[in-house]
Each structure stands twice: as C-alpha cells, then as structure tokens.
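Whatever order the structure lists them in is the order used to number ligands and atoms, beginning at 1.
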Amino acid sequence: MIKPKQVPMREQDPKERIHNFDEVPYGYTPEEAMEEASRCLQCKNPPCIKACPVGIDIPGFIRKIREGDFRGAIATIKESNLLPAICGRVCPQETQCQGACVLGRKYEPVAIGRLERFAADWELEHGVELPEVGEPTGFKVAVVGSGPAGLACAADLRRMGHQVTIFEALHEPGGVLMYGIPEFRLPKRIVKAEVENLKRLGVEIVLDVVIGKTMTIDDLFEAGYDAVFVGTGAGLPRFLGIPGEGLVGVYSANEFLTRVNLMRAYRFPEYDTPIKVGKRVAVIGGGNVAMDAARTALRLGAERVLVLYRRTEKEMPARLEEIQHAKEEGVEFEFLSAPLRFLGKDGHLTGIECIRMRLGEPDESGRRRPIPIEGSNFTIPTDTAIIAVGNRPHPLVPRTTSGLRVSPRGTIVADEEGRTSREGVFAGGDIVTGAATVISAMGAGRRAAKAIDRYLREKYGGKAPEV
Ligand SMILES: Cc1cc2nc3c(=O)[nH]c(=O)nc-3n(C[C@H](O)[C@H](O)[C@H](O)COP(=O)(O)OP(=O)(O)OC[C@H]3O[C@@H](n4cnc5c(N)ncnc54)[C@H](O)[C@@H]3O)c2cc1C
C-alpha cells in the first residue's frame, strides 16, 4: 500500500529559527529516506526524468535508496548532476521533477528533492569518491566566474584531462550560492566542500580577478589559454526607477544579501561589514530573492517584515517551500500592490507610497498583467526597503570582448552547447539565459564542457598547440 503523504522532514521550530542563521530543514535519516523511497512507483516511462532539466535517472537513484545502496544512489545522480547537495536544497522541484510525478496526480508526489539531498549529504558525511581525471591533453581552458555554470564546466573539463583555471571576481568562489542564497537555506560548508573537491581534482581557482578590468578575454588567449568559458551570471540588480530610490535605507536585494551572506554582516562587529534594518522592513518582489531578503531581515531583528508583490500568491515565482517557510516565520504579504515612490525625511527612508493593482490579460511571461487601480494609493511606514525585482547580466565581459554577439537584454548569444559568435569563447548559465536556476546553469556548464572538448580536439587534431 502506497502511503498518500510524504515522510515529513524535521525542521527547526519557526520561533527559534528566526533568531539564527542555521539551516531550517534537518534532512532525512536513512530510515526516513528508505521509507520515502518506497513510495516511488518506479514508472516504466517516468515523466519525472523528462521534467528534470538535466535528466537525472530519478527512479534509478530512488530504487537504490530503497535498497539501502546509498553509494549507488549518489553515483546514479552524479551521472547527470554534479551539485546534488545544492540542487536537492534549492531546485524548484514542485515545477520540475515532483510536478510531473505520477503519484502526485492522486497523492503527494514523491519527495524527490529531499531524497536527492539525503543521498548527497550521505556522501559528504561518508567521503566523496572523486571521479578519475583523464590523461593530460595539454590544452588550457579558462573559466570566467565560479557560480554553478563555471564550477560544473570546470569539473567536466578537468575530468577530460584539460588544464583548467577559474577566474573569479569576488574573494570567495561559488557565485550566487555563496553571496546570494542565505546560510539557513544553503549552508556555505556545502558549497565550500564542492569547491574543495574541484581543487582536489586539480582545478586552479584564482580569486579577485575581474575579467574585463584586471585582464580581458583577449589577454587570456594571449596568456596561452586555448578556449574560454564565460559563466559570469546575472548579478546586476534591477531598480524600480521611482522617486526616492536613493534614500538611506533603500537597498537592492543584491547588496543586502551580499552584505549578510558573503561579508557576514550578521556577525558584525566580529566581521567588518555592518548592516542596519530597523524595526519595519518592506521587501518588493515575489521570487526566491525576495523571500531570502525577507527571511534574512527577520533574522537580523526586524519586528515586522512585509512583502509587497504586484500580482497574487498564485503568480509568485518563489519556490513553494520558501513561501511556506516565510509565512511560518511571520513574514507578512501585501499582494496586488506596487510602490509608487519612497518617502523620506532628512535623506532617510520613512515610508512607501503604494497603489493597489488588479490582474488583467496574461503578458509575454504568461502571467496575468498587473494593472494599477486609480485612486487606490496607500502608505506603508517603513525603516528599510529591499528591492528584489530581478537581475540582469553585467555588461563588462561582453563590452570588452570583440566579436561577441550580445542580445538586446544584455545576455551573451550562444547556442545550446554554449558556442558564441567568437571562436574559442563559450558561455552558459545566467549570462546566456538571464536570471534562471542553479540546475539550468549547471547543465549549461556541462554541455559547454563537452563542446569545448570537441572544439579543441577538432581544431588541433587532438594535440595541444606548441607554446
Ligand atoms: C538570492 C538568490 C536566490 C536564488 N535562489 C534560487 C533557488 O532557490 N533555486 C534556484 O535554482 N536558483 C536560485 N537562484 C538563481 C541561481 O542562483 C542562478 O540562476 C545561478 O546561480 C546562476 O549560475 P551562474 O553560474 O550562471 O551565475 P552566478 O551564480 O551568478 O555566478 C557568476 C559568477 O561570476 C562572477 N563574475 C561575474 N563577472 C565576472 C567577471 N567580469 N570576472 C570574473 N568573475 C565574474 C561572479 O562574481 C559570480 O561568482 C537565486 C538567485 C539569487 C540571487
């Protein structure tokens, strides 16, 4: 008899967790994981695999968990996903694998993300078996950016025997995984463990190098690199362009989260970077970034955190679990509302003038377009406002690289395998798609690694050029 409900995952009590940055869910025990795995129907034609952006053999790894073969389970996952401890925690499973689960038509779908996380955590605890590195090819590849796209591309290229160097602008590798997603959702020790494994494979990581400023892509070729992968993400915040955005107390979510996650402002003065949130915080937006900012503000001591979103809860792009967690923690929501201007006194934010919205016809994103309701203005008093309405790519690399085609949205134009208009330059992740997901960035990095390998072998007949 299949159990209709998922095995619940134990979590920190909301009343306690809003006072710390520790991870919220504890993860499954081996017994819980095996029990949840036994709910999988082992479909002959599994739709979950098709719904996974990297096509993980989901029934295959779940069967191994059910049989207690945890090492086998993680090996199956890693055939397609190099970052399972991360993806198990942050993938939007409800719209991907779990959304397609056949069991979900009648009961709760199999908790695929939790099982993926279990297998990956089990491996981290019991020792990671590093993959073999191929015979040295003599080729050198530069990877720009150390987010999931860059990390995955570097790992695969290294396994193929190439010499790989990652150039990262920040002082810590990991991209959004380090500076954006908070500790209580993705502990940094997990990202660090992945980076360490990469180093053990022989990938070199050079930090504090801004490609386009410290050196250009042309400089990389001149320095002897045979190909370059660009995985610089979409880390530039969008603003609202409304009056008062320059007032003290108005942050972009990027700045707010970077101060806290990367610069550890929540441990000021032990760390140098301060952060001020005040008593009342308003977060503008409805995605994961908005949820992360709201829940972080609570943990920094805000008494009231209000999320302003211009559509309804149904259209919110954030992961379901993040919305649920935010609600449990006391985050409040003002749906169908948008800010018109920030109000201030002596240069400091004091409130936001907003307007109510109604939903009209669907727009190009497929979601119903919000339309302002005339005369419905209202004011929210607030000490801090955090703008989380999206990100776009930084133009530095595209601007300083000749022959690189860029779309009107500022993304680098690349084909499915990451090939750009400039020979030898490949790109993938958010810099190509615009802000997307960890798993899609990782998948793009892997596809580009294959294409780079093929390019090098075809161009030089399998032999590195003499330097
Ligand atoms: C707060 C937040 C929460 C999110 N939550 C989720 C989630 O729950 N689930 C999910 O799937 N996705 C989530 N995302 C989206 C996801 O993190 C991104 O889609 C993903 O990280 C993109 O990977 P990437 O490798 O393309 O780029 P990034 O992770 O952005 O990494 C790019 C790296 O390149 C570096 N770089 C940039 N320019 C240069 C340069 N000129 N020279 C050298 N280095 C450079 C950057 O410093 C950065 O380290 C979230 C994003 C944010 C901001």
Side-chain angles (χ1 to χ4, degrees), residues 53 83 86-96 113 142-154 166-182 185-186 191 195 205-217 220 228-238 252-258 260-262 283 285 287-296 317-323 325 386 388 390-401 411-412 418 427-445 448:
L83 303 170
I86 294 165
C87 292
R89 286 171 166 83
V90 306
C91 267
Q93 289 99 0
E94 67 271 12
T95 56
Q96 298 180 344
V143 170
V144 184
S146 64
L151 294 178
C153 186
I166 299 181
F167 294 92
E168 166 55 51
L170 296 173
H171 61 275
E172 282 199 47
V176 170
L177 309 175
M178 273 320 265
Y179 78 76
I181 305 180
R185 209 149 73 75
L186 177 62
V191 185
V195 170
I205 304 184
V206 185
L207 301 171
D208 300 313
V209 173
V210 182
I211 298 298
K213 263 208 187 320
T214 325
M215 59 199 301
T216 62
I217 295 220
L220 291 174
V228 177
F229 173 76
V230 182
T232 46
L236 206 59
R238 282 182 201 283
S252 71
N254 287 53
E255 180 191 343
F256 185 76
L257 290 170
T258 303
V260 179
N261 297 324
L262 189 71
V283 178
N288 287 320
V289 185
M291 294 305 101
D292 285 343
R295 299 175 66 202
T296 297
R319 290 178 78 227
L320 205 57
E321 191 182 53
E322 307 324 319
I323 302 171
H325 280 157
I386 304 168
N391 288 309
R392 58 198 168 89
H394 199 289
L396 194 56
V397 169
R399 244 187 231 157
T400 54
T401 312
T411 53
I412 294 179
D430 283 5
I431 184 67
V432 170
T433 55
T437 59
V438 172
I439 196 150
S440 59
M442 188 215 60

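- Between the side chain of N391 and the backbone N or O of G235, no donor-acceptor pair lies under 3.5 Å.
- Here the closest non-hydrogen pair linking A253 and I386 is CA-CG2, 3.6 Å.
- Judged as a side chain to side chain contact (heavy atoms under 4.5 Å, CB included), and not counting sequence neighbours, the contacts of P173 are S146, V195, I205, L207.
- Under the side chain to side chain contact (heavy atoms under 4.5 Å, CB included) test applied with P92, the options N288, T437, V438 reduce to a single match, T437.
- A distance limit of 4.0 angstrom between heavy atoms and ligand 1 selects the residues V90, V144, G145, S146, G147, P148, A149, F167, E168, A169, L170, G175, V176, G180, I181, R185, V209, V210, I211, G231, T232, G233, L257, N288, V289, D292, R319, V397, G429, D430, A436, T437, V438, A441.
- With hydrogens and angles ignored, the 3.5 Å screen pairs no side-chain donor or acceptor of R185 with any backbone N or O of D292.
- In terms of heavy atoms, A436 sits closest to D430 at N-OD1, 3.1 Å.
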